[in-house]
Amino acid sequence: MRITKIEPQKNKNRLNIFIDDKFALSLDDEVAYKYKLELDMEIDDDFIEKILIAEEEKKAINYALRLLSIRPRSEKEIRDALKRRGYNENIIENTINLCKEKDYINDRKFAETFIRDKINFSKYGPERIKYELKLKGISDDIINRVLRINRDEQYEMALELGKKRLRLYRDDSKDAKYRKLNNFLQRKGYSYDVISKVLKELL
């Protein structure tokens with residue numbers, strides 16, 4: 001078999017490859033460059049198989065990088081996204097390893113950013129943060145090292161939230177306020193001790 005034509009697509013960075021005067025495959029130009037594809041090059045089925053695998057790996061990497069450009073993601077999030085796209089385990093593993101080598105995937109940095117955002121913007125307590133990090137595949141070891149909110153900080157955060165929330169319950173009975181505020185702070189992820197102290201302070 002022989003490459004008889006290589007033409008660029010309208011889509012930048014992609015090429016159409018013709019073998020024996022028939023369209024055979026579409027490739028990323030980096031893959032074509034890596035395998036030094038050129039006119040009149042003689043190829044066989046094994047070589048084509050290598051090219052196709054390289055093309056799939058390139059697509060997987062591009063997809064992972066596109067997801068990471070939107071927002072930081074954990075290793076598990078990227079792995080799950082690649083699985084949903086139907087990539088095989090070898091390609092997924094290679095993609096994950098490359099992203100980790102380049103520090104595009106770093107679960108500790110991800111956890112630090114996630115914690116900072118959830119504290120500053122969502123006002124989550126440590127229990128809710130820990131739960132969500134576990135859902136994203138972050139290990140207990142990383143969580144324990146980076147999730148450091150002392151009891152006084154928890155209390156101040158929960159008290160501020162409680163004061164604001166009580167305004168919504170101003171027409172409720174004291175028992176209803178107590179129940180609703182307790183449930184709200186639980187959903188936000190604060191500990192029983194902190195919630196009890198806040199309820200005592202406000203009600």
Exercise. Spell out, as yes or no, whether a donor-acceptor pair under 3.5 Å connects the side chain of R73 to the backbone of L67.
Key: yes
Quiz item: Just by distance, do the side chain of S74 and the backbone of K136 share a donor-acceptor pair under 3.5 Å?
Solution: yes
Exercise. Using a 4.5 Å cut-off on heavy atoms from C-beta on, say whether the side chain of L27 contacts that of L37.
Key: yes
Quiz item: Is the closest side-chain heavy-atom distance between L166 and L203 below 4.5 Å?
Solution: yes
Pairs touching [range] that satisfy side chain to side chain donor-acceptor pair (under 3.5 Å), sequence neighbours left out:
range	value
residues 83-97	E57-N94, R79-E93
residues 179-199	D172-K180
residues 62-71	R71-E77

Exercise. Give the minimum heavy-atom separation between V194 and A158, together with the two atoms involved.
Key: CG1-CB, 3.8 Å
How many angstroms lie between [atom1] in [X] and [atom2] in [Y], if you round to the nearest 0.5 Å?
X	Y	atom1	atom2	answer
I78	I96	CD1	CD1	6.5 Å
D171	K177	CG	NZ	8.0 Å
L65	I70	CG	CD1	11.5 Å

Using the rule that Ile, Leu, Val, Met, Phe, Trp and Tyr join whenever any side-chain heavy atoms are under 4.5 Å apart, tell me whether [X] and [Y] fall into a single cluster.
X	Y	result
I3	M1	yes
L135	L82	no
L25	V31	yes
Y169	I195	yes
I91	L68	yes

Side-chain atoms of residues 109-119: list all donor-acceptor pairs with protein atoms under 3.5 Å, sequence neighbours left out, distances to 0.1 Å.
residue	atom	partner	partner atom	Å
K109	NZ	D103	OD2	2.6
E112	OE2	R108	NE	3.3
T113	OG1	K109	O	3.1

Quiz item: Excluding sequence neighbours, so at least two apart, what forms side chain to side chain donor-acceptor pair (under 3.5 Å) with K163?
Solution: none
Exercise. Not counting sequence neighbours, which residues clear side chain to side chain donor-acceptor pair (under 3.5 Å) with S26? List them please.
Key: Q9, R14
Got a sec, which pairs hit salt bridge (charged side-chain N to carboxylate O under 4.0 Å, His left out) with one end in [range], sequence neighbours left out?
range	value
residues 149-161	E160-K164
residues 23-43	R2-D40, E30-K58
residues 124-134	R128-E132, K134-D140

Which donor-acceptor pairs under 3.5 Å do side chains of residues 43-54 form with protein atoms, sequence neighbours excluded?
residue	atom	partner	partner atom	Å
D44	OD1	D46	N	3.3
D44	OD1	F47	N	2.8

Exercise. Under the side-chain contact (heavy atoms from CB on, under 4.5 Å) rule, collect the residues that match up with F18, sequence neighbours excluded.
Key: T4, K5, E7, N16, F23
Quiz prompt | ILVMFWY clustering at 4.5 Å (side-chain atoms), partners of Y33 | solution = none
Practice problem: Please lay out, stage by stage, how I149 and I129 fare under the test side chain to side chain contact (heavy atoms under 4.5 Å, CB included). | Solution: CA-CA 11 Å; I149 311 173; I129 293 172; 4.3 Å; yes
